[in-house]
Structure formats: structure tokens, C-alpha cells
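A short write-up of the structure that comes next.
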Amino acid sequence: MSIEVLLNEFKEVAYNPAKQLDAFKAEGKKVIGVLPYYAPEELVYAAGMVPMGIWGSNNKSIVRAKEYCATFYCTIAQLALEMLLDGTMDQLDGLITPTICDTLRPMSQNFRVSIGEKIPTIFLAHPQNRFAPWGVQFCVDQYTNVKKMLEKIAGKEITNEDIKAAIKVYNASRAARREFVKLASDHCDVVTPTLRSAVLKASFFMLKDEYTEKLVALNNELKALPVCDWKGVKVVTSGIIVDNPTLLKIFEDNNIAIAADDVAHESRSFRVDAPEDEEDGLKALAMQFKAMDYDILLYDPASAENRRGEFVANMVKESGAQGLILFMQQFCDPEEMEYPCLKKALDDAGIPHIKLGVDQQMRDFGQASTAIQAFADVL
């Protein structure tokens, strides 16, 4: 299968999640919505159900969700609720809602109240003190609660062997995506920013074994090509989500390629594998969460050392990028509070960067286009 065909197939999935949901339900599958982020999707897969990511929408307006949300809630959370209220998600058989930030915590109650008994809601509270043995045990206990509720929805037991098998499937998928982002940088003439985003976004709407098989095929096709002699600019992107095709088209119009990313919706989601040598599947998933690092929403006992800022600065250097573009979600307190530390690390490393405020209700990209074009000219 050609590269163009494979890329278009990923693009079709990424831009039409409702069509994917309809297809899964037509096949008689149960589907569990998974809100951001770090939810143990492996448990859904192990139950024989389909996990489907919910990260807001670039194509909807916030109407009914305003009845439940303060205006300063980020649009990702508000649009997720909007889709639950307007019927878009009526076919879901359950919903997992992590409570990892100050918006998702109260929003989890809005999700439960707004959809009532229509869709079972599974709450997930990750431990911030995740390094100590009692932090790992807390995480195991939380995942056990998630497992019990998924078993009730699935009507079957999720065995330890089911979980360990799912971990292998997901580790293979994470490895394929890590390889893809490197190949996308080497072949940025073929994998444009828009297509790169579509390939990674499609992973939230497909069963991971099917997704990985298709991605491995794409990776093999890309590896057969000569490395691109890119004459334009390369940058690292950072933020929670950067999946708007109109926004990414500005990159292409200004000859900007993405060398790597520090994006929660992209590389942060597949940076760390679950250990396959751990006998207890739930503990393996908890150990994976323990190993997560360099994320704004995760507690860092050495935060005074600005480890995350240095990590991002090193990413820019190691990827061969010439600068960084930070897409900051409006009203995201963790990102806003972290920015001075991130800016200091980038400035100390001599790395140019710009910060753009974005949300999923953006319809006018004039200012973003001007800023990105000017940044490309400077680089």
C-alpha cells in the first residue's frame, strides 16, 4: 500500500470519529469514552471493548455546556461536555474521566450529573505522590476500581492475563508511534504537519492492534525513502493539543516542519511503556504512571531545578529544530504558571520561541498566522 493511501486512511479516521463510533457499534462492540489524560486504556482493551479518546472538538460551538461550566474552563473540557449533551456520544457504553487537573476535577461531576444514568461514569484519581510505594498502591487501587466498573459494563471478568496481553499490544503501539515521529521529521516533505497530526490523532479512534499494523506499514514505507534535504525551518511544538488543520496549514504555508513535539495529545501520551516483566498487570500499569515525567500536570519533587524546562530545551537541540512554538490553551492555569520557568530554560539555552494563545473555538487565525510567519522569517 502506498504512502499516500496510508496517510489518507489515517486522515479519514482522524477527521471522522463519529463514523468510527458508528462502525464499532454496527459491529456489536461496546465503546468506552476516555477523557484526558493518562487513563489506563489497556483495561478497556483487555475487557474486549473499544477505548475512544475525547479531546474536545474543532468543529463545534459551546452552547449547552455553558449551563454547567464556568466561562474560564478550558474549551477541551467544555466541548467534551457539549458532545455528551448534544447526543454526539449517545452510543458510548461508559465514560472514564480522570481528575488530574483543577478543571477536570470539578468537570468530572458535571459529566456525571449532565448525562445521569444514560452513560456510566468511571472516576479516576491519579496519585500525585506517585513515586513512593504507597503512591503506587493508591494507583493500583484506583485502577482496580476502574477495572471493576469496566467488568460490569462488559459483562465479563478482566483477567490478569488479559491485562498483560493488552500491555504488550499498547507497548507495541507506543513504540511504533515513537518511530513514526522520528521518521516524520526525516521525511517532512511527505509527512506535513497536518498529516503528522492526523496520523497521531487517529490512534485515539482505532483499536490499537489495527492502528499499529497500519502504522508499521507506513513506517516501513517511509524508511524506504531517502532522508529529506529540508530547506525550510524545523520547530518543536509544545502544549496540550495541536490538532487544528487550519492552524497547522499555516506551518505548511511558511515552509515549517515539525521536528519533534512536547504535546500531551501527541508524544507525551506514548513516551513511557508499561513494564512487561511485572507479573501483576495492574501494578505494571501503576508503575508506568510512576515513570511518567516532564509533564506540567505531574508533581515533580525537584521542580525548583527546572527539570522540565531543561528537558524541553534539550529536545529542541537533539531534534535539530531551530526553535519552539508553544500553543497555550486559554485558561490553562498549569501551563500559564509554568511558562516563566520554561521561558527561562529556553532563553538560557539560546533557543528562540514564541507563545500563542489558542483554544478549540478559534475561527480567526490571522494573528497566529502573522506570528508564525514572522517567527519563521527570524529563524
Side-chain angles (χ1 to χ4, degrees), residues 34-44 51 53-55 70 72-74 76-77 80 95-112 121-149 167 170 174 238-241 262-275 278 280-312 326 328-329 331-342 345:
V34 182
L35 290 152
Y37 42 91
Y38 293 141
E41 281 191 20
E42 288 90 337
L43 296 179
V44 181
I54 303 176
W55 288 75
F72 53 79
Y73 281 10
C74 77
I76 296 173
L95 181 74
I96 299 177
T97 169
T99 58
I100 202 167
C101 77
D102 287 343
T103 294
L104 291 174
R105 200 165 295 118
M107 278 298 291
S108 67
Q109 303 307 305
N110 289 332
F111 294 137
R112 179 180 64 82
T121 305
I122 303 171
F123 301 107
L124 171 59
H126 287 99
Q128 284 291 8
N129 291 292
R130 61 195 185 282
F131 306 105
W134 42 266
V136 174
Q137 185 58 51
F138 181 91
C139 195
V140 170
D141 292 343
Q142 286 290 304
Y143 287 177
T144 300
N145 292 337
V146 173
K147 172 178 172 288
K148 288 177 180 177
M149 294 194 69
I167 285 173
Y170 270 70
R174 284 184 278 263
S238 183
I240 293 178
I241 186 168
D262 168 52
V263 176
H265 183 253
E266 296 177 2
S267 289
R268 284 190 220 164
S269 69
F270 50 82
R271 190 178 285 162
V272 179
D273 290 336
E278 170 59 53
D280 185 330
L282 286 174
K283 186 174 181 182
L285 294 174
M287 294 299 290
Q288 178 198 26
F289 182 70
K290 173 186 175 181
M292 299 288 187
D293 204 353
Y294 306 115
D295 192 305
I296 300 163
L297 296 184
L298 299 179
Y299 170 63
D300 182 357
S303 58
E305 301 173 13
N306 201 11
R307 292 173 61 253
R308 207 191 94 78
E310 292 174 1
F311 171 81
V312 175
L326 171 62
M328 185 175 292
Q329 283 289 320
F331 304 118
C332 182
D333 290 346
E335 283 201 320
E336 291 172 352
M337 287 187 289
E338 187 229 15
Y339 176 65
C341 295
L342 179 60

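Residue numbers run from 1 in the order of the sequence given. The figures here come from the full heavy-atom set of this structure, side chains too, leaving out hydrogens, waters and symmetry mates.
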For F311, enumerate each residue passing the ring pair (Phe, Tyr, Trp, His ring centres under 6.0 Å) test, keeping only those at least two apart in sequence or located in another chain. Y294
Judged by atom type as modelled, is there a donor-acceptor pair below 3.5 Å linking the side chain of S267 to the main-chain atoms of V263? no
Please report the interatomic distance CG(D300) to CZ(R308), rounded to the nearest 0.5 Å. 10.0 Å
Could you work out, with side-chain contact (heavy atoms from CB on, under 4.5 Å) as the rule, every residue matching P275, not counting sequence neighbours? D277, E278, A284, M287
Would you mind reporting whether Y38 and L297 have side-chain heavy atoms less than 4.5 Å apart? no
Which residues pass the ring pair (Phe, Tyr, Trp, His ring centres under 6.0 Å) test with F289, not counting sequence neighbours? H126
What pairs with S238 under side chain to side chain donor-acceptor pair (under 3.5 Å), at least two apart in sequence or on another chain? D262
Counterpart residues, side chain to side chain donor-acceptor pair (under 3.5 Å), relative to N145 (two or more places apart): none
Taking all heavy atoms of L35 and all of P98, pick out the closest pair and write down the distance. O-CD, 3.4 Å
Kindly write out the residues that satisfy ring pair (Phe, Tyr, Trp, His ring centres under 6.0 Å) with Y37, not counting sequence neighbours, or none if the list is empty. W55
Considering residues at least two apart in sequence or located in another chain, which fulfil the side-chain contact (heavy atoms from CB on, under 4.5 Å) criterion with A132? W134
Any side-chain heavy atom of L43 sitting closer than 4.5 Å to one from L282? yes
Which residue is it: T121, I54, V146? I am looking for the one with a side-chain contact (heavy atoms from CB on, under 4.5 Å) to I96. V146
Which is it for I241 and I76 under the side chain to side chain contact (heavy atoms under 4.5 Å, CB included) test, yes or no, and what are the steps along the way? CA-CA 9 Å; I241 186 168; I76 296 173; 3.6 Å; yes
Using side-chain heavy atoms (C-beta onward) and a distance below 4.5 Å, is L285 in contact with I167? yes
Check ring pair (Phe, Tyr, Trp, His ring centres under 6.0 Å) between F111 and all other residues, then give those that pass, not counting sequence neighbours. none
G239 backbone acceptor or donor facing Q329 side chain under 3.5 Å: no
Expected output: side-chain T99 to main-chain L104 donor-acceptor under 3.5 Å: no
E42: which residues meet the side chain to side chain donor-acceptor pair (under 3.5 Å) condition with it, sequence neighbours left out? R174
In chain order, what residues pass the salt bridge (Lys or Arg N to Asp or Glu O under 4.0 Å) check against D293, with sequence neighbours excluded? R307
Show, in sequence, the C-alpha distance, side-chain angles and deciding distance for Y143 and K283, and conclude whether the side chain to side chain contact (heavy atoms under 4.5 Å, CB included) test is met. CA-CA 9 Å; Y143 287 177; K283 186 174 181 182; over 6 Å; no
Answer with yes or no whether the side chains of Y73 and N110 bring together a donor and an acceptor at under 3.5 Å. no
Counting distance only, does the side-chain N/O of Q128 pair as donor-acceptor with the main-chain N or O of Y299 below 3.5 Å? yes
For E41, check side chain to side chain donor-acceptor pair (under 3.5 Å) against everything at least two apart and list the hits. Y170, K208
Any salt bridge (charged side-chain N to carboxylate O under 4.0 Å, His left out) involving residues 125-136? Give me the pairs, sequence neighbours left out, ordered by first then second residue. none
